[in-house]
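This report concerns only the one structure given below.
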Amino acid sequence: MQIIHTIAQLRAVLKNQSGISFIPTMGNLHAGHLQLVEIARQHASCVVVSIFVNPLQFGANEDFGSYPRTLEADCEKLKAAGTNIVFAPAVTEMYANFDGQHLNQSMTVTPPPIADTLCGASRPGHFTGVATVVMKLFNIVQPDFAVFGKKDFQQLFIIKKMVEQFNMSIKIIAGDTIREPSGLAMSSRNGYLSAEEKTTAAQLQQSLKQIVHSVQQGNTDFAALTAAASRTLTDHGWRVDYVAICSAKTLLPAKLDDQALVVLAAARLGNTRLIDNIDFSR
Ligand code: AMP
């Protein structure tokens, strides 16, 4: 496995490579990421994983500074999982006009209005940052396949739209959410949780599962279901950003005749913001 830090070197290595699967990550890797590597391996003989904590997608008061950076341990896991190339650029490599204070990325990808809902409502500019860095990484790696987790359902949705609407010749593949035995979706941010918070954290998925169960039993009062879940989480000490039932096809609020649905939530335990979702059909 090669570990590469510059765009020039990566381009040189990938020049004559046909069949590339790519997984963009921010590192601090866990079994959820490694599952994406496994999926990537099934599609192409060359698997490239990027590790880059992208400043453009973090808000001013978010955890860019404290986000866990564990390159050495990540590389060991990626090597064992059969990755061919790790691309771990510095901020100055990805943002050539970075002056120590401002990234000066004056061209950005504007995502569709859906990016201002759900997570985008409390993280303004987040999906512009995500779409822009993924566009840059796609242009650098030029993969045939790119694998993303359903854990970040809205992100996956927006990346699919970007590829479609910019006519990019990349097939986007989705990986299921990998969970702890408690049901808690694996996340690099779970490391911020205390032991007690980690136990409470499992309630997020339980609330979503209850909603799925109720809808599958025929309950169509989506507003009441999400309000009740929100109340229960708040009663257990969460600060809820949103609980929403949406069409899995459009991410718009679910309509009564939608069959493919997704229930999504974001909520904070202490200072840690967690997200989760379950896609299901009626
Ligand atoms: P991140 O490093 O958090 O930016 O995530 C990199 C990729 O891994 C994204 O496509 C995520 O959706 C995916 N991912 C993160 N957590 C999980 C998980 N628990 N299960 C499956 N995929 C995940």
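As the structure is a prediction and not an experimental result, all values here were calculated from the model. Just so you know, ligand 1 is whichever comes first in the structure, and atom 1 is the first atom listed for that ligand.
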Looking only at heavy atoms, is any part of [X] under 4.0 Å from ligand 1, and if so is it the side chain, the backbone, or both, or is it neither?
X      : result
Pro24  : backbone
Arg179 : neither
Met186 : both
Asp176 : backbone

Can you report which non-hydrogen protein atom sits closest to [atom], along with the distance?
atom                    : answer
atom 20 (N) of ligand 1 : Ile178 N, 2.9 Å
atom 13 (C) of ligand 1 : Leu36 CD1, 3.6 Å
atom 23 (C) of ligand 1 : Lys151 CB, 4.0 Å
atom 1 (P) of ligand 1  : His33 NE2, 3.7 Å
atom 10 (O) of ligand 1 : Gly149 N, 2.8 Å
atom 16 (N) of ligand 1 : His30 CE1, 3.3 Å

- Can you find an N/O atom of Asp152 closer than 3.5 Å to an N/O atom of ligand 1? yes

- Message: Tell me whether Met26 has any N or O atom under 3.5 angstrom from an N or O of ligand 1.
- Response: yes

Flag the pair [X] / [Y] as yes when at least one side-chain heavy-atom distance between them is below 4.5 Å, and no otherwise.
X      : Y      : answer
Leu78  : Leu34  : yes
Asn28  : Arg69  : no
Gln203 : Thr200 : yes
Ile275 : Cys119 : yes
Leu261 : Arg282 : yes

- ligand 1 to Gly32, heavy atom cutoff 4.0 Å, flagged ligand atoms 18 (C), 20 (N), 21 (C), 22 (N)

- Hey, which atoms in ligand 1 end up nearer than 4.0 Å to a heavy atom of Phe148? 10 (O)

- Side-chain H-bond candidate by donor/acceptor type, Tyr95 with Asn54, under 3.5 Å: yes

- Message: If we count only N and O atoms by modelled type, under 3.5 Å, do the side chains of Tyr192 and Asp63 hold a donor and an acceptor together?
- Response: yes

- Between Phe148 and Phe138, how do the two ring planes meet: parallel, tilted or perpendicular, split at 30° and 60°? perpendicular

- Query: With no hydrogens and no angle check, is any side-chain donor or acceptor of His30 less than 3.5 Å from a backbone partner on Gly32?
  - Reply: yes

